[in-house]
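To start, the structure itself, in structure tokens.
Labels below follow one simple rule: chain letters A, B, ... track the order of the sequence lines, proteins then strands, and each chain is numbered from 1. Keep in mind that the numbers below use all heavy atoms, side chains included, and drop hydrogens, waters and symmetry copies.
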There are 2 protein chains.
Amino acid sequence: MNAEASRRLDGLIARLRARGHRLTPQRVAILRELVSRTDHPCVEQLHAAILPSYPATSLATVYKTIHLLKEHGEVLELGFGELGSRYDGRHPEPHPHLICTRCGTIADPAAAGQEDAGTGFSDEVADTMAAEVAAEVAAFAAALSKRAGFAVSSHRFDLFGLCARCRAKG
Amino acid sequence: MNAEASRRLDGLIARLRARGHRLTPQRVAILRELVSRTDHPCVEQLHAAILPSYPATSLATVYKTIHLLKEHGEVLELGFGELGSRYDGRHPEPHPHLICTRCGTIADPAAAGQEDAGTGFSDEVADTMAAEVAAEVAAFAAALSKRAGFAVSSHRFDLFGLCARCRAKG
DNA sequence: CTAGATGCAAACACTTTGCACCCTG
DNA sequence: CAGGGTGCAAAGTGTTTGCATCTAG
């Protein structure tokens with residue numbers, strides 16, 4: 001776990017504690033997993049990752065912890081109808097996602113360059129994209145608000161396609 | 001059902017027939033419902049809508065028909081983790097959606113002005129937004145493709161917030 | 001100590017599937 | 001009249017919930 005993730009974990013723990021929540025070993029393990037992974041894991045993956053250290057942990061606990069974090073706005077849930085939900089515990093604010101339709105990888109453009117999760121995005125790309133999208137969505141939301149009365153409070157922007165790796169494989 | 005919907009229904013029927021599919025009354029009723037509604041109905045709503053005319057229709061048939069249409073790219077499925085899926089049978093290509101978090105209405109900016117489904121969008125807004133988004137997404141996809149090797153083939157852009165109606169109600 | 005967290009299993013909602021019967025083309 | 005479509009019910013998913021037990025603070 002890098003420095004940034006560590007910092008985020010500390011903040012997360014502090015905020016939960018401040019709200020009167022307890023920090024059981026299982027819960028901390030889930031938090032640690034969430035802040036250190038860039039691959040947007042699903043509940044099953046989180047559960048599997050924690051089992052070696054805490055063999056008795058149940059799936060229900062993972063669900064409950066995720067639910068708690070959602071309530072506090074500490075994770076971004078990416079729900080896909082059939083495929084279940086995936087979670088981003090590093091960047092809870094809305095941002096674009098790159099979803100490879102072949103291998104299922106979900107990449108966070110803004111983070112992919114920092115510690116490559118296997119997606120091949122450079123941080124130049126990451127930063128440019130993050131800024132572009134934020135600006136465009138903001139403009140879009142402003143236009144809607146002014147002209148149609150729709151008050152945008154959040155959004156979701158998913159791009160589906162083939163990641164560099166799968167593309168290379170033919 | 002207006003002229004545009006009627007035209008789309010004809011085309012839909014022709015394409016299904018051309019692919020060797022049969023057109024049972026239930027199936028036609030589902031198609032008719034899909035092309036004439038602007039409110040992005042869920043499967044249950046479609047089922048409820050055709051029950052008066054075809055009381056024996058089962059939910060499974062609606063699911064199967066929707067699945068068939070998805071395979072042919074004739075409906076756009078908007079899956080929401082918990083809330084199930086909603087369907088757009090008028091515009092199967094990716095386009096933005098405005099989702100009211102209070103009343104659950106899902107509006108299609110590009111269509112809302114034409115026959116107001118209760119969302120208060122003018123067609124000026126609709127056309128502007130549709131064009132803006134198409135251009136922005138295209139630029140975004142091109143940037144990704146060139147710089148990161150991610151080949152975008154489709155996308156999804158959802159805006160969450162309050163529609164004019166709910167906003168007015170306080 | 002005691003409220004909050006856990007783990008298990010049962011319950012849930014949405015969707016898919018198997019199969020005998022039906023009806024379009 | 002043949003093969004796709006239908007309806008029913010059972011089976012699957014992913015997720016939530018109830019409750020007795022346990023434990024962090």
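- Look at Arg27(B) and you'll find a side-chain N or O under 4.0 angstrom from OP1 or OP2 of dT6(D).
- Protein atom CG of Leu46(B) is 14 Å distant from nucleotide atom C1' of dC14(C), rounded to whole Å.
- In this structure, Arg86(A) atom CZ and dG14(D) atom P are separated by 12 Å, rounded to whole Å.
- When the side-chain contact (heavy atoms from CB on, under 4.5 Å) test is applied to Ser153(B), no partner is found at least two apart in sequence or on another chain.
- Residue pairs meeting the salt bridge (charged side-chain N to carboxylate O under 4.0 Å, His left out) criterion with at least one partner in residues 46-70 of chain B, sequence neighbours excluded, are Lys70(B)-Glu77(B).
- Judged as a salt bridge (charged side-chain N to carboxylate O under 4.0 Å, His left out), the pairs with a partner in residues 19-36 of chain B (not counting sequence neighbours) are, in order, Glu33(B)-Arg37(B).
- Protein atom NE2 of His47(B) is 14 Å distant from nucleotide atom P of dC14(C), rounded to whole Å.
- Distance, Glu44(B) CD to dC12(C) C1': 14 Å, rounded to whole Å.
- Near-neighbour residues of DNA chain D inside residues 48-72 of chain B, defined by a heavy atom below 4.0 Å, number-ordered: Ala56(B), Thr57(B), Ser58(B), Ala60(B), Thr61(B), Lys64(B).
- For the salt bridge (Lys or Arg N to Asp or Glu O under 4.0 Å) test, no residue two or more places apart in sequence or in another chain qualifies with Asp88(A).
- Scored by the salt bridge (Lys or Arg N to Asp or Glu O under 4.0 Å) test, Glu74(B) finds Arg8(B), Arg15(B) as partners (sequence neighbours excluded).
- Each end of the helix from dC1(C)-dG25(D) to dG25(C)-dC1(D) yields a helix axis from five base pairs, and these two axes differ in direction by 40° (to the nearest 10 degrees).
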At a cut-off of 3.5 Å, list every protein nitrogen or oxygen paired with a nitrogen or oxygen from nucleotides 21-25 of chain C, distance to 0.1 Å.
| unit_1 | atom_1 | unit_2 | atom_2 | d |
| --- | --- | --- | --- | --- |
| dT24(C) | O2 | Arg22(B) | NE | 3.4 |
| dT24(C) | O2 | Arg22(B) | NH1 | 3.2 |
| dG25(C) | OP1 | Arg17(B) | NH1 | 3.4 |
| dG25(C) | OP1 | Leu23(B) | N | 3.1 |

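- Residues satisfying the side-chain hydrogen bond (donor to acceptor under 3.5 Å, both in side chains) test with Thr61(B), not counting sequence neighbours, are Ser58(B).
- Applying the under-4.5 Å side-chain rule to Ile, Leu, Val, Met, Phe, Trp and Tyr, the cluster around Leu162(A) consists of that residue alone.
- Neither OP1 nor OP2 of dT23(D) sits under 4.0 Å from any side-chain N or O of Gln26(A).
- Applying the ring-ring contact (aromatic ring centres under 6.0 Å, His included) criterion to Phe157(B), with sequence neighbours excluded, gives Phe140(A), Phe157(A).
- For the side chain to side chain contact (heavy atoms under 4.5 Å, CB included) with His155(A), the qualifying choice from Leu98(B), Leu159(B), Ile99(B) is Leu159(B), the only one to do so.
- The NE2 atom of His97(A) sits 4.5 Å away from the CG atom of Leu78(A) when rounded to the nearest 0.5 Å.
- As rounded to whole Å, 18 Å separates atom P of dC14(C) from atom CG of Leu83(A).
- Side-chain heavy-atom separations under 4.5 angstrom define the hydrophobic clusters, and the remaining members of the one that includes Leu34(A) are Met1(A), Leu9(A), Leu12(A), Ile13(A), Leu16(A), Leu23(A), Val28(A), Ile30(A), Leu31(A), Val35(A), Val43(A), Leu46(A), Ile50(A), Tyr54(A), Leu59(A), Val62(A), Tyr63(A), Ile66(A), Leu68(A), Leu69(A), Val75(A), Tyr87(A).
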